[in-house]
Colleague: 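What follows is a structure written as structure tokens; I'll ask about it next.
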Protein chains: 2
Amino acid sequence: MKIGELAKRSGLTAYTIRYYEQIGLLPAPDKDASGQRDYDASILTWIEFLGRLKATGMPIREMLRYAALREKGSATDAERRTLLEAHRRKVRDHVADLQANLLVLDAKISGYADAEKRIETQHDPVKRKPLRARRPRTL
Amino acid sequence: MKIGELAKRSGLTAYTIRYYEQIGLLPAPDKDASGQRDYDASILTWIEFLGRLKATGMPIREMLRYAALREKGSATDAERRTLLEAHRRKVRDHVADLQANLLVLDAKISGYADAEKRIETQHDPVKRKPLRARRPRTL
DNA sequence: CCTTGACTTAGAGTGCGCTCGAACACCTAG
DNA sequence: CTAGGTGTTCGAGCGCACTCTAAGTCAAGG
């Protein structure tokens, strides 16, 4: 498969694929007679995994370390596992942090909701502003 | 309080505080006779809230929209609430995504653990096709 | 008085992760 | 034969969020 198709199938752009190859995140594929990259479908699995590392906030430098270990073969399995476990810990911590902040956000939003309610019922309870009628303004 | 103390108390650097003021994220404080910023302690509450927005991945541009609404007073409460609700939805989605990826990560780590076990118990290890050597660009 | 250290400004530099421009090569359809 | 589309390389540029430099001001302590 050529780079354009891999781009479509992987969700990366051709630019990004070449960039990843350049930095060593993707293995250099075989080239055809006219020098064009010819990818094996199996690369998609690796790209998908990289996507998960990225989605969980792993910086490229660390993915690179993982990629380098992977290229050295199964002798590095233990080290790779350690790396992933460390990453997992960070992700879990991050999730916990996000959840804590969500609670504060909930409280803040409730505060706005309460204030709104007070205003609605304060002077003119009959003529309520319908909650669904509001639209955000263009900024 | 001067900028140095605010930096210590808020956890931001003085550079960042000036930068935030410059872009409109922090209100311009009063200046003393010699032109130095004189902060009210109440700014800490705002900085802390900004920190939560940042920690939950809100880009500065959006914080700026919130800050602008805040400066306009309580007439913008409904809009601010809408903004925060939209953000909360994004954060929740992101957390769900992270958790899904954590499950995959768990599976991957278990895979390494299993492989390790197989080797330890002297069963045939998975034979991998060696990956080709390549020259990564230094990052 | 003089030094030290915290402050001021405008603007330049950094690190990350892409993203694109330029100029050229190659294949396929009309 | 030629135009269009896809590919190639190298290096520059971009958007974000800071981070720091340079050159200067100012107040307090020794």
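A, B, ... follow the sequence lines: proteins, then strands. Residue 1 opens every chain.
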Colleague: How many whole angstroms separate atom CE of Met63(A) from atom P of dG17(C)?
Modeller: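 Checked: the CE to P distance equals 7 Å.
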Colleague: Using 4.0 Å as the upper bound for N to carboxylate O, is an ion pair formed by Asp106(A) and Arg92(B)?
Modeller: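 A salt bridge is present here (some side-chain N lies under 4.0 Å from a carboxylate O).
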Colleague: Starting at atom OH of Tyr39(A), determine the distance to atom C1' of dT6(D), rounded to an integer number of angstrom.
Modeller: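 Going from OH in Tyr39(A) over to C1' in dT6(D) covers 14 Å.
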Colleague: Looking only at atom types and distance, does a side-chain atom of Asp30(B) sit under 3.5 Å from a main-chain N or O of Asp38(B), one as donor and one as acceptor?
Modeller: no
Colleague: With heavy atoms under 4.0 Å as the rule, sort Arg37(B) into base, sugar-phosphate or nothing.
Modeller: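 The answer is sugar-phosphate, as Arg37(B) gets under 4.0 Å only of primed atoms, P, OP1 or OP2.
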Colleague: Check the distance between dC18(D)'s P and Ile47(B)'s CD1 and give it to me in whole angstrom.
Modeller: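 Those two atoms, CD1 and P, are 12 Å apart.
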Colleague: Listed in order of residue number, which residues of residues 4-15 of chain B have a non-hydrogen atom at under 4.0 Å from DNA chain C?
Modeller: Gly4(B)
Colleague: Is the number of heavy atoms from other residues, nucleotides or ligands within 6.0 Å of CG (Asp93(A)) greater than 12?
Modeller: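 Yes - once you tally the heavy atoms of other residues, nucleotides and ligands closer than 6.0 Å, there are more than 12.
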Colleague: Between the protein and nucleotides 15-17 of chain D, list the N/O to N/O atom pairs that are separated by less than 3.5 angstrom.
Modeller:
unit_1: dC16(D); atom_1: OP2; unit_2: Arg61(B); atom_2: NH1; d: 3.1
unit_1: dA17(D); atom_1: OP1; unit_2: Ile60(B); atom_2: N; d: 3.3
unit_1: dA17(D); atom_1: OP2; unit_2: Ile60(B); atom_2: N; d: 3.3

Colleague: Return the minimal non-hydrogen interatomic distance between Ile17(B) and Ser10(B), and the atom names on each side.
Modeller: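 Heavy atoms only, the tightest pair is CD1-OG, 4.2 Å.
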Colleague: Do Arg89(A) and Glu85(A) meet the salt-bridge criterion of a basic N to acidic O distance under 4.0 Å?
Modeller: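 Looking at Arg89(A) together with Glu85(A), the answer is no, because their closest N to O distance does not fall below 4.0 Å.
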Colleague: Quick check: on DNA chain C, is the nucleotide nearest Thr16(A) upstream (toward 5') of the one nearest Lys31(B), or the reverse? Name the residue that is more 5'.
Modeller: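 It is Lys31(B), whose closest nucleotide lies nearer the 5' terminus.
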Colleague: Provide, to the nearest angstrom, the distance between the CG atom belonging to Leu64(B) and the P atom belonging to dC18(D).
Modeller: 12 Å
Colleague: List the steps and the verdict of side chain to side chain contact (heavy atoms under 4.5 Å, CB included) for Asp97(B) and Thr56(A).
Modeller: CA-CA 9 Å; Asp97(B) 186 48; Thr56(A) 49; over 6 Å; no
Colleague: Find the distance Arg18(B):CZ to dT19(D):P and express it as a whole number of Å.
Modeller: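 It works out to 14 Å between those atoms.
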Colleague: Quick test of your reading of the model: are Lys90(A) and Glu62(A) salt-bridged, counting only N-O distances below 4.0 Å?
Modeller: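 Result for this pair is yes, salt bridge flagged.
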Colleague: Round to a whole Å and report the spacing from CD1 of Ile17(A) to C1' of dC20(C).
Modeller: 15 Å
Colleague: Under 3.5 Å, is there a donor on one side chain and an acceptor on the other for Arg80(A) and Tyr112(B)?
Modeller: yes
Colleague: Measure the distance from CD on Glu21(A) to C1' on dG7(D) and round it to the nearest whole Å.
Modeller: 13 Å
Colleague: According to the interplanar angle, ranging from 0 to 90°, do the rings of His94(B) and His94(A) count as parallel (below 30°), tilted (30 to 60°) or perpendicular (above 60°)?
Modeller: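 Geometry flag for His94(A) against His94(B): perpendicular rings.
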Colleague: Report the distance from atom CD1 of Ile3(A) to atom P of dT9(D), rounded to the nearest whole Å.
Modeller: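 Going from Ile3(A) (CD1) to dT9(D) (P), I get 8 Å.
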Colleague: Taking it one step at a time, do Arg37(B) and Glu21(B) satisfy side chain to side chain contact (heavy atoms under 4.5 Å, CB included)?
Modeller: CA-CA 11 Å; Arg37(B) 290 169 178 78; Glu21(B) 178 184 329; 2.7 Å; yes
Colleague: Any protein N or O atoms within reach of nucleotides 23-30 of chain D? Criterion: under 3.5 Å, listing atom names and distances.
Modeller:
none

Colleague: Heavy-atom nearest nucleotide on DNA chain C for Gln22(B) versus Lys2(B): which residue maps closer to 5'?
Modeller: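 So the residue in question is Lys2(B).
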Colleague: Ignoring hydrogens and angles, state whether a donor on the side chain of Thr13(A) or Thr16(A) is under 3.5 Å from an acceptor on the partner side chain.
Modeller: yes
